[in-house]
Amino acid sequence: MAALTARHFLAASYPHLPKGLALSNEQNITPAQIAEHGLTTDEYKTILTVMGREPNLTELGIFSVMWSEHCSYKSSKFWLKTLPTEAPWVICGPGENAGVVDIGEGKAAIFKMESHNHPSFIEPYQGAATGVGGILRDVFTMGARPIANMNALRFGAPEDAKTRHLVSGVVAGVGGYGNCVGVPTVGGEVNFDPAYNGNILVNAMTVGLADADKIFYSAAAGIGNPVVYVGSKTGRDGIHGATMASTEFDDTTEDKRPTVQVGDPFTEKLLIEACLELMATDTIVAIQDMGAAGLTCSSVEMADKGGVGLDLDIDKVPQREDGMTPYEVMLSESQERMLIVLRPGTEAQAEAIFDKWQLDFAVVGKVSDTGRFTGRLGGEVVFDIPVRPLVEESPEYERPWVEAEAPAPLGSVTAPMGHMEALQALLGGADLSSRRWVWEQYDHTVMADTVRKPGGDAAIVRIHGSDRGLAIATDCTPRYCKAEPHVGGAQAVVEVWRNITAVGARPLAVTDCLNFGNPERPEIMGEFVGCIKGIGEACRALDFPIVSGNVSLYNETDGQAILPTPAIGGIGILDVLEAHADLALRREGDAFILIGATVGHLGQSIYLRQLLGRAEGPAPAVDLAVERRNGDFVRSLISTGRIDTCHDISDGGLLVAAAEMAMAGDIGLTLTGIDDAGFWFGEDQARYLLALPESEAAAVLSQAEDAGVPAQTIGITGGEALTLNDGTPISLSELRQKHEAWLPNYMQNA
Amino acid sequence: MKASVIVFPGSNCDRDVQVALAAAIGGRTDNNDCVDMVWHGDSEMAKTDLIVLPGGFSYGDYLRSGAMSARSPIMREVVARAEQGVAVLGICNGFQVLTEAGLLPGALLPNAGLKFVCRDVQVRVENSQTPFTNAYEAGQTLRIPVAHHDGQYFVEADELSAMQERDQIAFRYCQDEKTGDSSRRANPNGSVDDIAGVFNKRKTVLGLMPHPERAADAIHGGTDGQALLSSLVSALA
Amino acid sequence: MKARVHVSFKSGVLDPQGKAIGLTLGNLGFDGVGEVRQGKLIELELTETDTATAQKSVEAMCEKLLANTVIENYTIELDDN
Amino acid sequence: MKARVHVSFKSGVLDPQGKAIGLTLGNLGFDGVGEVRQGKLIELELTETDTATAQKSVEAMCEKLLANTVIENYTIELDDN
Ligand SMILES: Nc1ncnc2c1ncn2[C@@H]1O[C@H](COP(=O)(O)OP(=O)(O)O)[C@@H](O)[C@H]1O
Ligand SMILES: [Mg+2]
């Protein structure tokens, strides 16, 4: 049966469409092709209106990637607009390749987080590696030298047959790329949960450093200016399902069209150096990396932002393979490529730099005044699309959503074992064991500016050549987000803020990576909306604006969605590098002080989940005013040099946090408190642990009282063991052995 | 004193070592007059007292670590200067390049654990009678970070004993006395004879896997690597 | 019996190692070198003596471990003397 | 003409990659696997048409770059169709 063409299909509603095709495609677009490009009938109708005629296949491909969820944010845009994005120190918020904040002394920090979930599930090493490569490009494209990487990883249950292989590949891939490029990976997260069995999450963040008055943007300008392509050649990589629409389908197709890209960190390193060298000259009008949807997305975004047109000469695009079609060239996601608009007459100067670094350089087009995005092959026009509508007519959906049901209150909890036993089980389990096995595979000391390496609250890197530092953290507690999206969204933000505060830094701004299931399901959309609202409120209350981010939807396999996972990455500034705190206990005989109120909230805690197998109850309440008050108090103690030892309390509660401090400093602790699991393992928010010389404890306690901050002494440091309420001590070496053993043992058979 | 740092495509510790050298030679991290950055494609080099091959992933560590850099135009000049007795220091990838270029014996293979390893290690100074190590005591232990994937030093057995006789072993990995953490192997990569660094016969060329420039400033949490650079300054200035 | 398994990137996949080797050969003055690809050659000693069984078993090893069929191809050669 | 260069560790050199593969194959339930070695196979496209000249030139590439003769052996195969 001959397929109905889209033209027939739509003839009734668009009788006025011009007949025939002006462009090279002989074939009419079929409904099957429309569907294979992930476009709905309505979206296709809009395309017909925008074009005023039927598109050819290349044009259809261009529309499909530009209007994909990934590039158009069609399900999330409406809600993203509600996020706070401004503050006096924000130089550039969402909308560019990355966010930019002023960090003083003429410097700016440029940062963003991005997901590479799907590719990492298919090919963990290359998926993760190219994820790191992509986010690095987003940052150096704006003129920054990348100075730190972070990675937030979520895997399925440890028991799942695939998990070990995925952990091994992803970690090797993150390291393989970042280590080679020479950017330290200074922190991140690793979670395990069965909800990620079929959809792991690989979120990578990069922070870069630039001169505040030398930021590069992506808006093309200057009619007639040359458009230049640099980096690696274009191959047939990553032309996703969309290629299925192509007609030349044969036995070799599988072989020719890998859906996973292979990263080349060596070329990326050269590209960073070459771009930064070019940026030091006065030649660049606009610059943009080629990420998702490659040449298409970068060209269209540059043209749209500049309100201009762009003419591309497809023949000039450096190609790795013979016989690539315009469709393939335009949709390829080959890595390590950039697009640059140069000032006229500077081509030779720019080319010399890329030659020196042995990278491809080609003038592939020019800026035009037509407002159209046009491609030519052998002089013949192969696509011709008006830029504005391609961007502005992109679909936007206010998808239906339902609010998540409030969780039932947590019933009674009977402690299954003694507190010290529980502590050992938790520290030696999948959720809370040491992640050293992961971060020792990452070069975290290259660049020689790492002040606090992974393993603490926030990482600290020195701002090169100065006595100031940046604190960086990523966080999210998906089980809270699942139980109560609104609270969970806010909690992710406050935990980042708290981690930055706990080292003494002043929190400045955040980036997000919003990972959710299928937004066409109202309950998933409800999770999304709830989390966004929580994030927005927290950011507002803490003056912690969102300056960049990324949305990853459809993380779902066979109707099984991931836990809602709005990963948050934040940065803060240390005005005096020396005045920072670390979690490791430093002295014997220090007073050990708990800041913040302890209610003993066990709902959705690790204690409940791991030891009792219960995912129940509400998430711990987040009181933004209290967070701010307690955090500001702690920070002032650190920045005035009164304390140097501090740790925030999060997953696992007070006793876990205390044990981490003792293990890190190799100094024991004697603790006194209520004999109740809620006290030791509850996950109440807005809390910190401090250690300071006994002689100064009274002053700090009274200062806390003046500030209205709950504070109490709960122990004293010293010895080589951890002791609780006069119980049997556990030696730190035994604790450390358990804490360090889980992950290496688990990974042994990888 | 003048030092020259060779920049290969993919070097990524060139700036780090430049900063540490500037501090050691000129007393200020931003005093770059005493450190020349030399491009791998150049075939000539100004007069210099010390040549440093920095860490990194030159040519992505593709094929073999250091293999492609060892064939760079500048390496002919480095070999010539080394023959004249100019001091040459190779750190991590630089060590790999020096073995590939034949300036040091042996080869560096992928770590026995097949994983990249980044952590502090403890190394023992085996020979303090050299321009690189005169500020240390023999037997002194240092805490310095390593960060490499291909750090397993290999050399044939007879060559190894000849090297031992000639005092060519510069540093050996040893157990960390402080934390006494016996669960961790002192030797992070399976190097033969626990070797972390070696000299040429004349002790004018040193290659080592640990990164002294990452233990050269108080913010690094230790400064045990700094003395390697100050040894050179006192020997060569 | 001996098996030799050659694992290489599929033809469309970028081979960064091959690319860098090609570049360096050029820099070293070797002319007339076109595309360079780098693959792995894995040699296995097998106790199996039947060729057909060995072939099957090595294929299974390739699918399960030796090759990543998302981006790599493999070929198997058996040598039974 | 095509050249295939097989680079492998000399017999005295430990091959951790090969060892790890052997171990993992065992864990996966593949019995009867003895020694496993992993080497590199580098494939080069050459414009040269004379076999003897090509052989010489590839040998030079091996000595100069492709193999490190301190630890590795190499063999060359030329294929001129
Ligand atoms: N969840 C979000 N919150 C805030 N900004 C976002 C979010 N998601 C995306 N953005 C912003 O939208 C823009 C487009 O994002 P994206 O397509 O991921 O960037 P790129 O094309 O550089 O990969 C970026 O400026 C990004 O910072
Ligand atoms: Mg971008």
Side-chain angles (χ1 to χ4, degrees), chain C residues 1-11 15-50 53-68 72-78, chain D residues 1-9 11 15-50 53-68 72-79:
Chain C
M1 169 149 21
K2 271 197 176 174
R4 288 159 61 101
V5 177
H6 176 204
V7 180
S8 58
F9 278 128
K10 289 182 179 177
S11 60
D15 173 10
Q17 305 229 41
K19 191 175 127 190
I21 294 170
L23 210 82
T24 305
L25 287 173
N27 291 346
L28 287 176
F30 288 103
D31 296 329
V33 180
E35 204 188 6
V36 181
R37 309 278 292 173
Q38 175 173 329
K40 289 176 227 168
L41 193 83
I42 301 162
E43 297 173 292
L44 309 139
E45 295 273 3
L46 304 176
T47 54
E48 182 58 60
T49 51
D50 177 63
T53 319
Q55 173 77 23
K56 271 224 163 127
S57 144
V58 176
E59 262 168 35
M61 294 178 199
C62 288
E63 292 288 330
K64 276 205 168 164
L65 179 72
L66 303 182
N68 174 352
E72 293 171 329
N73 289 325
Y74 60 87
T75 57
I76 299 171
E77 259 175 67
L78 292 176
Chain D
M1 165 146 29
K2 272 197 175 174
R4 290 158 59 101
V5 176
H6 177 205
V7 180
S8 57
F9 281 127
S11 56
D15 170 15
Q17 191 88 50
K19 211 172 115 195
I21 294 174
L23 225 75
T24 311
L25 285 174
N27 291 344
L28 288 175
F30 289 103
D31 297 329
V33 180
E35 204 190 5
V36 181
R37 308 280 292 172
Q38 175 173 323
K40 289 171 220 166
L41 193 81
I42 300 162
E43 297 173 293
L44 309 141
E45 296 272 4
L46 304 176
T47 53
E48 182 58 58
T49 50
D50 177 64
T53 319
Q55 174 76 24
K56 272 225 163 126
S57 145
V58 178
E59 263 168 34
M61 294 180 201
C62 288
E63 292 289 330
K64 271 207 172 164
L65 180 70
L66 301 182
N68 176 350
E72 293 169 328
N73 291 323
Y74 61 90
T75 57
I76 299 172
E77 259 175 67
L78 292 176
D79 179 2

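Throughout, protein chains are lettered first and strands after them, A, B, ... in sequence-line order, and every chain is numbered starting at 1.
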I need the residue from D:Asp31, D:Leu25, D:Leu66 with the largest number of non-hydrogen atom pairs under 4.5 Å to chain C.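 Top option by heavy-atom pairs under 4.5 Å: D:Leu25.
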Segment of D:Ala3 engaging chain C (4.5 angstrom heavy-atom cut-off):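 No part of it gets close to chain C.
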I need the [X] [atom1] to [Y] [atom2] distance, nearest 0.5 Å.
{"X": "C:Leu41", "Y": "D:Gln38", "atom1": "CG", "atom2": "CD", "result": "9.0 Å"}
{"X": "C:Met61", "Y": "D:Ile21", "atom1": "CE", "atom2": "CD1", "result": "11.5 Å"}
{"X": "C:Glu35", "Y": "D:Leu44", "atom1": "CD", "atom2": "CG", "result": "10.5 Å"}
{"X": "D:His6", "Y": "C:Arg4", "atom1": "NE2", "atom2": "CZ", "result": "6.0 Å"}

With chain D, the option among C:Val5, C:Thr24, C:Val36, C:Leu28 that has the most non-hydrogen atom pairs under 4.5 Å is C:Val36
